[in-house]
Asker: 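Sharing a structure below in structure tokens format, with a few things to ask.
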Amino acid sequence: MSGFTKQKQQLAEIIESALQVLIDQKQLELDSMPEINLEVPREKAHGDFASNVALVLAKPAKKNPRQLAELIVASLPEHPVIDKVEIAGPGFINFYLTNQWLYDVLLTIEQEQLAYGANSFGNGERVLLEFVSANPVGPMNVVNARAAAIGDTLAKLLAAAGYSVATEYYVNDAGVQTEVFGRSLEARLQQLANPDYPFPEDGYPGAYVSELAERLKAEKPELLNQDYAERVEFCRIWGIDQMVEWQKQDLADFGVTFDRWFRERDLHEAGALEDIIERLTERGYMYEKDGAFWFRSTVFGDDKDRVIIKQDGTYTYVTADIAYHYDKLKRGFTKLIDLFGPDHHGYIARMKAAVQALGYPEDALEIMILQYVALLRDGEQVKMSKRAGEFITLQDLMEEVGRDAARYFFLMRSPDSHLDFDLTLAAEQSNENPVYYIQYAHARICSILQQAKEQGVTLKQAKEVSLDLLVQEQELDLIKKMAELPEELLMAATQREPHRMARYALDLASQFHSFYTHCHVLSEADELRDARLVLTNCVKIVLQRTLGLLGISAPERM
RNA sequence: GCGCCUGUAGCUCAGGGGAUAGAGCAUCGGACUUCUAAUCCGAGUGCCGCAGGUUCGAUUCCUGCCAGGCGCGCCA
């Protein structure tokens, strides 16, 4: 524990002991010790930390808040970290601390290096994060890309928060759409020799299908001698495999890899669908109606029951998905997190119902819904038409704006928010682009450290330098910002809000740029220079740490 | 009709039971003989969608309404 968390806890304990004194002296009557909140005031003039304890206790203690605050302050024990205490506003107790706790933050950062900010909150709980899971019949779109960026960062955040995280991509390679895909590819293959060969009405029109057809023709020319059903089936299997490899490559280029690509096909082959039907039947959640078999999901709050076996005897996609989630749970994961696109929110209730029907707690499954992405270019929304095969893919996006910018833009908004992705701004390598603003801070630091080296100045350890020379406003603000990381990281992980990290990186860079302008490093007297070098190096570590969580590179030169 | 998300500065969006609501962009004005000016410093803007409720205190929580987006298949 470090930084803010530690300080808050320490102050909370101090306040608590003051309350205990008052209770012992019978100046205060309380049924129970309240939870004591410390917050960092918006206004610097309100101290380093403030507590509303007197406001909260005013009513149960039957005293007016300012009087109560007076009593508490009078009973506060002496403590070396406290510089002074004031009562302000309606009854806030404002604490002003000595700078030592900030200097301690630098020691912590230096010691923990790139692990700085991590904690063991998750207690090693096994979490399975499933995201992207785009159908393997087309290129990945921008919502898939957003899911990739958010899922990847969330996985890193959860790992940093002490969870044992695995990531998975579910490949829908067994559904009707793969059939359509197989027929589309077969048609394109035929068209290479016979342009009049009919293309399926519901087929996938994209140029990538034709490209696959050409490769297929080169690799397996004898395919055309087989009968139609065999050709289509081969096209389906071979084509889907190619598509999956393509998606894998695109995601890898985007910096996103998965621990496992889970094939729906494997579930069918293993009889997993029959298994869950049996299990649901045993547990009394299945019934027959209108020639179909239904899952009684309404028992667990779903709008309506769901068909599991259709009239024609085949399964629905829900059946496979239930089997997949059951598989995850059987593998020992106690928390499943799914990232879905905005068109799947109706899905939450039925899947949570399924998890419960299978005998697991409701909160074993958590589904996050990402909102839509609108692409803007030169202030105009980019029109996309899936039917006409006109859309911007993840690949296009990386080519246009670069991987770092793309990741940052996807991560900078709350997952709940619709995202306006400004391609023009993202592609711009200028001061308007927040990605470069952050990276530039890192490059500047590297430059300072490099020049120090060239001048024969070695970077000392924090304990070897006079940190108490760091007293400028910009220096202290900078350290405070770094002290915030552990708490921000925990919030981002537990609230599933990776955009907090994007914001944090921007704030930290901003504090550094301000420090850079106001406080020179290398031109100062040796002692101050050494202290500032330590500070600068700590900022480098924290920036790298944050950018690492975001999956964005930290260039040494720009 | 039902469900999910959103509504905060001119634009894009953060924030969040408390003290004077923030950032970036855009606009205007300053700062480079000194570690990278992709930077910094300064200036202005807000019925926090509307109406009730809970509270010592609501922009934040609750309810209703309005507006925008999306979804409600024996499709995946």
Side-chain angles (χ1 to χ4, degrees), chain A residues 37 39 41-43 45-46 50 52 55-56 58-59 64-65 88-92 94 135 137 172 174-178 180 202 264 289-294 303-304 306-321 341-349 367 369-372 374 376 379 412-422 425 428-441 443-452 454-455 474 497 499-500 502-503 506-507 509-510 512-524 529 532-533 536 557-558:
Chain A
N37 292 313
E39 58 165 34
R42 261 202 289 269
E43 290 295 319
H46 295 143
N52 63 354
L55 294 163
V56 174
K59 197 167 204 181
N64 100 38
F92 289 102
N94 295 335
N135 279 333
V137 294
N172 288 105
V176 175
Q177 84 279 3
T178 66
V180 176
D202 56 351
E264 180 183 352
K289 194 184 89 182
D290 303 333
F293 287 86
W294 301 68
D303 293 358
K304 45 183 141 185
R306 305 292 166 178
V307 171
I308 293 294
I309 307 176
K310 296 187 251 179
Q311 273 181 352
D312 65 5
T314 61
Y315 304 119
T316 64
Y317 69 99
V318 184
T319 317
D321 251 13
D343 48 342
H344 282 71
H345 86 261
Y347 210 69
I348 299 176
I367 297 181
I369 298 293
L370 302 185
Q371 295 302 319
Y372 268 108
L376 304 177
M412 71 183 181
R413 301 290 177 234
S414 156
D416 287 338
S417 267
H418 298 207
L419 173 66
D420 278 339
F421 192 121
D422 187 335
L425 175 60
E428 214 167 304
Q429 305 211 354
S430 77
N431 54 344
E432 291 173 26
N433 192 330
V435 191
Y436 298 114
Y437 180 88
I438 299 165
Q439 291 181 323
Y440 186 51
R444 278 181 144 179
I445 291 170
C446 291
S447 177
I448 293 174
L449 296 175
Q450 179 59 32
Q451 284 178 55
E454 285 164 10
Q455 292 172 21
Q474 286 83 7
E497 293 178 334
H499 69 285
R500 285 172 175 275
R503 160 70 53 156
L506 194 65
D507 288 349
S510 171
F512 175 76
H513 284 308
S514 180
F515 161 78
Y516 183 92
T517 304
H518 293 95
C519 305
H520 277 242
V521 178
L522 300 177
S523 59
E524 297 292 345
R529 177 200 65 200
R532 284 184 176 167
L533 270 176
T536 303
R557 240 180 295 272
M558 285 173 74

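Just so it is clear: chains get the letters A, B, ... in the order the sequence lines come, proteins before strands, and each one is counted from 1.
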Asker: Counting N and O atoms only, with roles assigned by atom type, does the side chain of A:R413 sit under 3.5 Å from a partner on the main chain of A:H418, one being a donor and the other an acceptor?
Answerer: no
Asker: Has A:R503 got a side-chain N or O lying under 4.0 Å from the OP1 or OP2 atom of B:G22?
Answerer: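 Answer no for this pair, as no side-chain N or O of A:R503 is under 4.0 Å from OP1 or OP2.
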Asker: Separation of A:L370 atom CG from B:C5 atom P, in whole Å?
Answerer: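 Spelled out: CG on A:L370 to P on B:C5 is 13 Å.
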Asker: Are A:I369 and A:I348 packed together at the side-chain level, in the sense that at least one heavy-atom pair is separated by less than 4.5 angstrom?
Answerer: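 In short, these two side chains touch, coming nearer than 4.5 Å.
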Asker: With the side chain counted from C-beta on, respond yes when A:Q177 and A:N172 share a heavy-atom pair under 4.5 Å apart, and no when they do not.
Answerer: yes
Asker: Quick one: are A:S417 and A:Q371 in side-chain contact, heavy atoms under 4.5 Å?
Answerer: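 Not touching, per the 4.5 Å side-chain cut-off.
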Asker: Enter the distance from A:I438:CD1 to A:L506:CG here, rounded to the nearest 0.5 Å.
Answerer: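 Here the rounded value is 5.0 Å.
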Asker: Can you measure A:D420 atom CG to B:G68 atom C1' for me and round it to whole angstrom units?
Answerer: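 So the two atoms are 12 Å apart, to the nearest Å.
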Asker: Under 4.0 Å, heavy atoms only, any strand: does A:R306 hit a base, just the sugar-phosphate, or nothing?
Answerer: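 The answer is nothing, as A:R306 stays clear of every strand by at least 4.0 Å.
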Asker: Can you tell if the side chain of A:L419 reaches within under 4.5 Å of the side chain of A:Y372, non-hydrogen atoms only?
Answerer: no
Asker: I need the CG-P distance between A:L419 and B:C5, as an integer number of Å.
Answerer: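 Going from CG in A:L419 over to P in B:C5 covers 18 Å.
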Asker: Could you tell me the separation between the NE2 atom of A:H344 and the C1' atom of B:G71, rounded to a whole number of Å?
Answerer: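 Roughly 10 Å, once rounded to whole Å.
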Asker: Taking for each residue the nucleotide of RNA chain B bearing the nearest heavy atom, is the 5' side occupied by A:Y516 or by A:I369?
Answerer: A:I369
Asker: Check the distance between B:G73's C1' and A:D343's CG and give it to me in whole angstrom.
Answerer: 14 Å
Asker: Would you say whether A:F92 stacks on B:A19? The test is a distance between ring centres of less than 5.5 Å and an angle between planes of less than 30°.
Answerer: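 Yes; centroid distance and tilt both under limits.
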Asker: Report the nucleotide, chosen from B:A19, B:A14, B:A38, that has the shortest atom-to-atom distance to any side-chain atom of A:H46.
Answerer: B:A19
Asker: Rounded to the nearest Å, what distance is computed from the CD atom of residue A:E43 to the P atom of nucleotide B:A19?
Answerer: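 The answer, rounded to whole Å, is 9 Å.
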Asker: Which is more 5' along RNA chain B, the nucleotide nearest A:N94 or the one nearest A:D507? Just name the residue.
Answerer: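 Upstream on the strand: A:N94.
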Asker: Expressed as a whole number of Å, how far does the C1' atom of B:U54 sit from that of B:U60?
Answerer: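 These two C1' atoms come out 13 Å apart once rounded.
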Asker: Of the nucleotides B:U12, B:C4, B:A19, which has the atom closest to the A:P41 side chain?
Answerer: B:A19
Asker: For B:C65 versus B:A23, give the span between their C1' atoms, rounded off to a whole number of Å.
Answerer: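 Result for the C1' pair: 32 Å, nearest Å.
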Asker: Under a 90° cut-off about 0 for the syn range, is B:C47 syn or anti?
Answerer: anti
Asker: Is a side-chain donor or acceptor of A:N135 paired with a backbone partner of A:V137 at a separation under 3.5 angstrom?
Answerer: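 Answer holds: no.
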Asker: Considering every strand and a 4.0 Å limit on heavy-atom distances, what is the contact class for A:N52: base, sugar-phosphate, or nothing?
Answerer: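 Contact class for A:N52: base.
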Asker: Applying a 4.0 Å non-hydrogen cut-off, can you work out what A:A320 is touching in the nucleic acid: base, sugar-phosphate, or nothing?
Answerer: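 If one applies the 4.0 Å heavy-atom cut-off, A:A320 turns out to touch nothing in the nucleic acid.
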Asker: With under 30° as parallel and over 60° as perpendicular, where do the rings of A:F515 and A:F512 fit, or are they tilted in between?
Answerer: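 Answer is tilted, since the angle falls between 30° and 60°.
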Asker: Let's see if you can work this out: which of B:C74, B:G69, B:U39 has an atom nearest to the side-chain heavy atoms of A:T517?
Answerer: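 When the side chain of A:T517 is considered, B:U39 is the closest of B:C74, B:G69, B:U39.
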Asker: Does A:N64 reach a base, just sugar-phosphate, or nothing at all? Heavy atoms under 4.0 Å.
Answerer: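 Nothing, no heavy atom under 4.0 Å.
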Asker: Which pair of non-hydrogen atoms, one from A:Y437 and one from A:S510, has the smallest distance, and what is that distance?
Answerer: OH-CA, 3.0 Å
Asker: Which nucleotide wins on minimum distance to the side chain of A:N172, given the candidates B:C35, B:A76, B:A14?
Answerer: B:A76
Asker: Could you tell me whether A:A349 contacts a base, only the sugar-phosphate backbone, or nothing, with contacts defined as non-hydrogen atoms closer than 4.0 Å?
Answerer: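 Result for A:A349 = nothing.
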Asker: Considering every strand shown, what is the Watson-Crick or G-U wobble mate of B:G22 when both distances are under 3.5 Å?
Answerer: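 B:C13 is the nucleotide pairing with B:G22.
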Asker: Do the side chain of A:S447 and the main chain of A:A443 share a donor and acceptor less than 3.5 angstrom apart?
Answerer: no
Asker: Counting only Watson-Crick or G-U wobble pairs whose two distances fall under 3.5 Å, which nucleotide matches B:A43?
Answerer: B:U27
Asker: Taking any strand in view, what nucleotide pairs with B:C72 in a Watson-Crick or G-U wobble way, both distances under 3.5 Å?
Answerer: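 Looking at the geometry, B:C72 pairs with B:G1.
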Asker: What pairs of nitrogen or oxygen atoms, one from the protein and one from nucleotides 9-11 of chain B, lie under 3.5 Å apart?
Answerer:
none

Asker: Rounded to the nearest angstrom, tell me the gap between atom NE2 in A:H418 and atom P in B:C4.
Answerer: 14 Å
Asker: For B:C32, which nucleotide is its Watson-Crick or G-U wobble mate, given both distances must be under 3.5 Å?
Answerer: none
Asker: Could you work out which one of B:C72, B:C74, B:A14 sits closest to the side chain of A:K304?
Answerer: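 The answer is B:C72.
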Asker: Which part of the nucleic acid, if any, lies within contact of A:L522, taking any heavy atom under 4.0 Å across all strands shown: a base, the sugar-phosphate backbone alone, or nothing?
Answerer: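 Since a base atom lies under 4.0 Å of A:L522, the category is base.
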Asker: Which protein N or O atoms sit under 3.5 Å from an N or O of nucleotides 41-44 of chain B?
Answerer:
| residue | atom | partner | partner atom | Å |
| --- | --- | --- | --- | --- |
| B:C41 | OP1 | A:S514 | OG | 3.2 |

Asker: Name the nucleic acid region contacted by A:Y347, choosing base, sugar-phosphate or nothing; use a 4.0 angstrom heavy-atom cut-off, strictly under.
Answerer: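 A:Y347: no heavy atom of the nucleic acid under 4.0 Å.
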Asker: May I ask you to decide if A:I308's main-chain N or O and A:T319's side chain share a donor-acceptor pair within less than 3.5 Å?
Answerer: yes
Asker: Just to be sure I understand the rule, does A:A452 reach a base, reach only the sugar-phosphate, or reach nothing, if contact means heavy atoms closer than 4.0 Å?
Answerer: nothing
Asker: Please classify the nucleic acid contact of A:Q451 as base, sugar-phosphate, or nothing, using heavy-atom distances under 4.0 Å.
Answerer: sugar-phosphate
Asker: With P as the reference atom in both, quote the distance from B:G44 to B:G57 in angstrom, rounded to an integer.
Answerer: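 These two P atoms come out 32 Å apart once rounded.
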Asker: What's the closest nucleotide to the side chain of A:R42 if the choices are B:U55, B:A19, B:U6?
Answerer: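 The answer is B:A19, which lies nearest to the side chain.
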Asker: I'd like to know if the side chain of A:N433 reaches the main chain of A:L425, judged simply by a donor and an acceptor atom lying under 3.5 Å from each other, with no hydrogens or angles considered.
Answerer: yes
Asker: Output a table of nitrogen or oxygen pairs between the protein and nucleotides 28-32 of chain B separated by less than 3.5 Å.
Answerer:
none

Asker: Under 4.0 angstrom, heavy atoms only, what part of the nucleic acid is A:Y372 near: base, sugar-phosphate, or nothing?
Answerer: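 Result for A:Y372 = sugar-phosphate.
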Asker: Base, sugar-phosphate or nothing for A:C446? Non-hydrogen atoms, less than 4.0 Å.
Answerer: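 The answer is nothing, as A:C446 stays clear of every strand by at least 4.0 Å.
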Asker: Scan every strand shown for a Watson-Crick or G-U wobble partner of B:G52, both distances under 3.5 Å, and answer none if you come up empty.
Answerer: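 B:C62 - that is the nucleotide pairing with B:G52, both distances being under 3.5 Å.
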Asker: With a 3.5 angstrom cut-off on both distances, give the Watson-Crick or G-U wobble partner of B:A67, or none if there isn't one.
Answerer: B:U6
Asker: What about A:Y317: does its side chain form a donor-acceptor pair under 3.5 Å with the base of B:A76?
Answerer: yes
Asker: Which part of the nucleic acid, if any, lies within contact of A:A58, taking any heavy atom under 4.0 Å across all strands shown: a base, the sugar-phosphate backbone alone, or nothing?
Answerer: nothing
Asker: For the atom pair CD (A:E497) and CZ (A:R503), what is the distance rounded to the nearest 0.5 Å?
Answerer: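 So the CD of A:E497 and the CZ of A:R503 are separated by 12.5 Å.
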Asker: Can you check whether A:K310 has a side-chain N or O nearer than 4.0 Å to OP1 or OP2 of B:G73?
Answerer: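 So the side-chain polar atoms of A:K310 never come under 4.0 Å of the phosphate oxygens OP1 or OP2 of B:G73.
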Asker: With the stacking rule set at 5.5 Å and 30°, tell me whether A:H345 counts as stacking on B:G71.
Answerer: no
Asker: Looking only at side-chain N and O atoms, does A:Q455 offer a donor or acceptor that is under 3.5 Å from a partner on A:Q451?
Answerer: no
Asker: Ignoring hydrogens, what is the shortest heavy-atom contact between A:Q474 and A:S514? Give both atom names and the distance.
Answerer: CG-OG, 3.6 Å
Asker: Determine the minimum heavy-atom distance between A:L522 and A:A452, stating which atoms define it.
Answerer: CD2-CB, 3.7 Å
Asker: A:H513 near the nucleic acid: base, sugar-phosphate alone, or nothing, with a heavy-atom cut-off under 4.0 Å?
Answerer: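 The answer is sugar-phosphate, as A:H513 gets under 4.0 Å only of primed atoms, P, OP1 or OP2.
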Asker: Whole angstrom is fine here: how far is it from CD in A:Q371 over to P in B:G68?
Answerer: 17 Å
Asker: Just to be sure I understand the rule, does A:T178 reach a base, reach only the sugar-phosphate, or reach nothing, if contact means heavy atoms closer than 4.0 Å?
Answerer: nothing
